[in-house]
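Here the structure comes first, spelled out in structure tokens, and everything after it is commentary.
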Amino acid sequence: MNLLNQIKEKVRKAFVDCGLSAENTLVRLSDRPDISDYQSNGALPLAKSMRQNPRALAEQIAEKLRLDLFFETVSVDGPGFINMKIANEVLGKNLFPILADKKCGYERPDTSKTIVMDYGGPNVAKALHVGHLRPAIIGESIKRICRFVGDKVIGDVHLGDWGKPMGLLITELQDRNPALPYFDPNFTGEYPQNAPFTGKDLETMYPIASQHAKEDEAFAARAHENTKLLQDGHRGYRALWKHFISLSVADIRKLYDELGVSFDLWRGESHVHERLWKMIERLRANGTLIKDQGAEIIPLGKSKNGNDLPPVIMVKSDGGVMYAATDIATIEERVEEFHPDAILYVVDARQGLHFEQVFLASQKIGIAKNVSLEHLGFGTINGTDNKPYKTRSGGVPTLRYLIDTAKEAALKKMESGEMGRDLTPDEKASISQIVGVSALKFADLINERIKNYVFDEDKLTSTEGKTGPYLLYAMVRMKSVLEKMNEPATLLAGDTVQITTPAERQLLLRLYALPDSVQTAYDNRTPHVIADYLFKLAQDFNLFYHDCPIKDADKETQQSRLLLTKYTLHVAETVADLLGLQVPEKM
RNA sequence: GUUCCCGUAGCUCAGAUGGAUAGAGCACAGGAUUCCUAAUCCUGGGGCCGUGGGUUCGACUCCCGCCGGGAACGCCA
């Protein structure tokens, strides 16, 4: 049993021994580390309901707890807080049974769930940009946290491959290269295996096509028509479209790989095309769909707050479909195929209304009966002017640009000072990639998901303080110490840590506290809680490193400190993995 | 206009289910290295938690109003 649960159990027993209800013992990490490690506030509400003096009640409970040698001290302070300080021997002895396993003492209070996660949302033929950073990074971390606590998670990239952009591209290509067989209505042969363009071509072509549509009505109308033809199965367009997808997916996958973000499914909106039309037929037949202004809609009435909701448009007046419809069909597919307890959408918070509509419509048509649908929105990345982040030259920063900028900053840092002077150029290149990407990811993960945050390019390239490189540096130090002392990283039963300084005690307590952070992060789907834990762990380690010499310590102290370093590394690596951060061997 | 989100130190941000003296990082001022990596550590100043009410023994936290910032609102995704 982990430390918090052991204390909870002891306090619960003390409440019961006093003849009190142990329903709400309110045991948690102490707010006052100067006087205690853990506290129980349970006596306060209890005293209120029993109309008793809270301090006297707390004192009764404390008296029971003092009998246990587990605690160094138990005191009653303020209006009736019970403050508990754990005995040093307890902290030093329980490392192996609690922290040595893969879960570092995490114990799940409920049963395992099956979860489908939707956290990518890249678009075919469009370069990944700053807007794709948060869903990828946050989604990946939430996925890892869910898996860590024991959920079965299926991650789906949910590619944008079915809408108007496809029609725009087809039309642009038609104008540029009308002789291609895809545009020849009389062509009956096999279309070429290889695309007559590259992924880069697509990326440059799309913004031009988009601009054409804005300036030229005829072009826009043709693009519209071509989108419809593609969706209806136009043979040549489908062949062309397959080229779009295979080229884009290759590029997209490469970038996600660099970010350490992966998906189990690479499906797109198009994947549910046939299912969607069957669904539409069914809804027409049972009278759910209503004709309105030429479109076919699902009216939603009022939301839970009593305000009118716009309807979901299942079929547009031109007979085509859009993303609300494909999202609904996708829910049906996911429910049928995976029977999930929950479907999580890590998507921009500005899509809030869209998801409210989609979720409500899905419930209304009966396809989401036993599944919790959650939109985990995130805020936008703003520049220092508090407007959506742009590069210094004013463009939308691509993911490539962000990664490269971060990488260069890491490299520059390595070459400027004393750091990494014995590294080869190859090592520097691979290390700066790891450090740069971690800097980028951590700068995002440390912020609370729902809030907009200000992204300063200086922050991205900074390596001091609350940054990715700070964490990595601490972890590299742990590895370095063990290596220099020829100490294997394996953990053994029976080893104990002796606490001789406050730094060691603080670090130990931090190690034991991981499960609590994991639980909070899991319950609220907030990776920043984990990111914050890792930062504090790194701080605690750096203090320990500074205050507690290892090499020159006596044999016994040295062993104890090496052991503490090993456990810290074990926990830190586990946590870094939850955030999706890679850690270099040296830096 | 309606609805949603946000407002905490000079700046960027933490403060889960209401609890004690509201914490970090940056910036600023000073200090530490013959010793395991100074991408480090220590010390210091800095706050009517937007504002006015309410609920409570107790509110940064919950409720209502106001102010300020951002966003969404039928055929784009």
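Every chain is numbered from 1 and lettered A, B, ... according to where its sequence line falls, protein lines coming before strand lines.
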Given atom CE of A/M587 and atom C1' of B/A38, what is their separation to the nearest angstrom? 13 Å
Quote, to the nearest angstrom, the C1' distance that separates B/G69 from B/G31. 41 Å
Does B/C76 have its OP1 or OP2 closer than 4.0 Å to a side-chain nitrogen or oxygen of A/K316? yes
Which base, if any, makes a Watson-Crick or G-U wobble pair with B/U40, both distances under 3.5 Å? B/A32
For the residue pair A/F244 and A/I170, establish whether any side-chain heavy-atom pair is separated by less than 4.5 Å. yes
Write down the distance separating the C1' atoms in B/C62 and B/U17, rounded off to the nearest Å. 12 Å
When both hydrogen-bonding distances must be under 3.5 Å and the geometry is Watson-Crick or G-U wobble, what is B/C73 paired with, if anything? B/G1
Do A/R28 and A/Y38 form a cation-pi contact, if we require the NZ or CZ to be under 6.0 Å from the six-membered ring centre and within 45 degrees of the ring's axis? no
Under 4.0 Å, heavy atoms only, any strand: does A/V476 hit a base, just the sugar-phosphate, or nothing? base
For B/C49, the Watson-Crick or wobble partner whose two distances fall under 3.5 Å: none
Heavy atoms under 4.0 Å, any strand shown: does A/R28 hit a base, just sugar-phosphate, or nothing? base
C1'-based separation of B/C26 from B/G45 [nearest Å]: 15 Å
Within the 4.0 Å heavy-atom criterion, would you say A/G163 contacts the bases, only the backbone, or no part of the nucleic acid? sugar-phosphate
C1' gap between B/G70 and B/G25, integer Å: 25 Å
Distance between C1' atoms of B/U51 and B/C42 (Å, rounded): 39 Å
Which nucleotide in the list B/A77, B/A20, B/G25 gets nearest to the side chain of A/N123? B/A77
Among the nucleotides B/C36, B/G19, B/A20, which one has an atom lying closest to any side-chain atom of A/I35? B/A20
Would you call A/D444 and A/R134 a salt bridge, taking side-chain N to carboxylate O under 4.0 Å as the test? yes
A/K316 and A/E296 ion-paired at < 4.0 Å: no
So A/L472, base contact, sugar-phosphate only, or nothing? Heavy-atom distance under 4.0 Å. nothing
Nearest-Å distance for atom pair CZ/P, residues A/F455 and B/C13: 12 Å
Could you please name the partner base of B/U55, counting Watson-Crick and G-U wobble pairs only when both distances are under 3.5 Å? none
Indicate, with a heavy-atom threshold strictly under 4.0 Å, whether A/L44 touches base, sugar-phosphate, or nothing. base
Between P of B/U56 and CG of A/N41, the distance in whole Å: 21 Å
When we call it a touch if two heavy atoms are under 4.0 Å apart, what does A/N382 touch: a base, just sugar-phosphate, or nothing? nothing
Between A/E269 and A/I297, who's closer to the 5' end of RNA chain B by nearest nucleotide? A/I297
Among the nucleotides B/A20, B/C75, B/C35, whichever has the atom closest to the side chain of A/K551 is B/C35
Under 4.0 Å between a side-chain N or O of A/Y470 and OP1 or OP2 of B/A38? no
Atom-to-atom span, NZ of A/K586 to P of B/C36 - whole angstrom: 17 Å
Could you tell me the separation between the CG atom of A/L543 and the C1' atom of B/U40, rounded to a whole number of Å? 11 Å
Ion pair A/D540/A/R510, N-O distance below 4.0 Å: yes
Can you check whether A/H546 has a side-chain N or O nearer than 4.0 Å to OP1 or OP2 of B/U33? no
Would you kindly check whether a donor in the side chain of A/D292 faces an acceptor in the base of B/G74, or vice versa, at under 3.5 angstrom? yes
Would you indicate what A/H528 reaches in the nucleic acid, counting non-hydrogen atoms under 4.0 angstrom: base, sugar-phosphate, or nothing? sugar-phosphate
Expressed as a whole number of Å, how far does the C1' atom of B/A20 sit from that of B/A27? 31 Å
Taking any heavy-atom pair under 4.0 Å as a contact, classify A/N452: base, sugar-phosphate, or nothing. sugar-phosphate
Could you tell me how far B/C48 sits from B/G1 if I compare only their C1' atoms? Round to whole Å. 35 Å
At under 4.0 Å, does any side-chain N or O of A/R477 touch on OP1 or OP2 of B/A38? yes
What's the closest nucleotide to the A/P310 side chain, out of B/C13, B/C35, B/C73? B/C73
Salt bridge check: are A/E464 and A/K413 linked by an N-O gap of less than 4.0 Å? yes
Does a distance-only test, which skips hydrogens and angles, find a donor-acceptor pair under 3.5 Å between the side chain of A/N542 and the base of B/A38? no
Select base, sugar-phosphate, or nothing to describe what A/K48 touches, counting heavy atoms under 4.0 Å on all strands. base
Would you say the side chain of A/L471 lies within less than 4.5 Å of the side chain of A/F442, judging by non-hydrogen atoms? yes
Which part of the nucleic acid, if any, lies within reach of A/Q539 when heavy atoms closer than 4.0 Å are counted: base, sugar-phosphate only, or nothing? sugar-phosphate
Would you classify A/D523 as touching base, sugar-phosphate or nothing, given that sugar-phosphate means primed atoms plus P, OP1 and OP2, and contacts are heavy atoms under 4.0 Å? nothing
Quiz item: cation-pi between A/R525 and A/Y522, 6.0 Å / 45°: yes
A/E448 side-chain proximity, nearest of B/G15, B/U12, B/G19: B/G15
Nearest whole angstrom, please: distance from the P of B/A38 to the CE of A/M414. 17 Å
Shortest side-chain distance from A/I450, nucleotide among B/C26, B/C5, B/A20: B/C5
C1' atoms of B/U55 and B/G65, separation to the nearest Å: 15 Å
Less than 4.0 angstrom between a side-chain N/O of A/K451 and OP1 or OP2 of B/G7, yes or no? yes
Identify whether any heavy atom of A/A349 sits under 4.0 Å from a base atom; if not, whether one sits that close to sugar-phosphate; answer base, sugar-phosphate or nothing. nothing
Write down the partner of B/G10 under the Watson-Crick or G-U wobble criteria, each distance required to be under 3.5 Å. B/C26
Salt-bridge test for A/E203 and A/K126: reply yes if a basic N is under 4.0 Å from a carboxylate O, no otherwise. no
Length of the CZ-P vector between A/R350 and B/C4, whole Å: 19 Å
Can a donor-acceptor pair under 3.5 Å be found between the side-chain atoms of A/Q351 and the base atoms of B/A72? no
Select from A/D552 and A/V529 the residue whose nearest nucleotide in RNA chain B is closer to the 5' end of that strand. A/V529
I need the NZ-C1' distance between A/K466 and B/G23, as an integer number of Å. 9 Å
Report the base-pairing partner of B/C60 (Watson-Crick or G-U wobble, both distances below 3.5 angstrom), or none. none
Within the 4.5 Å heavy-atom criterion, are A/D161 and A/W241 side-chain neighbours or not? yes
Identify whether any heavy atom of A/G78 sits under 4.0 Å from a base atom; if not, whether one sits that close to sugar-phosphate; answer base, sugar-phosphate or nothing. nothing
Under 4.0 Å between any heavy atoms, over every strand shown, what does A/Y323 touch: base, sugar-phosphate, or nothing? Just pick one. base
Report yes or no: is the ring centroid of A/F81 under 5.5 Å from the six-membered base ring centroid of B/A20, with the two planes under 30 degrees? yes
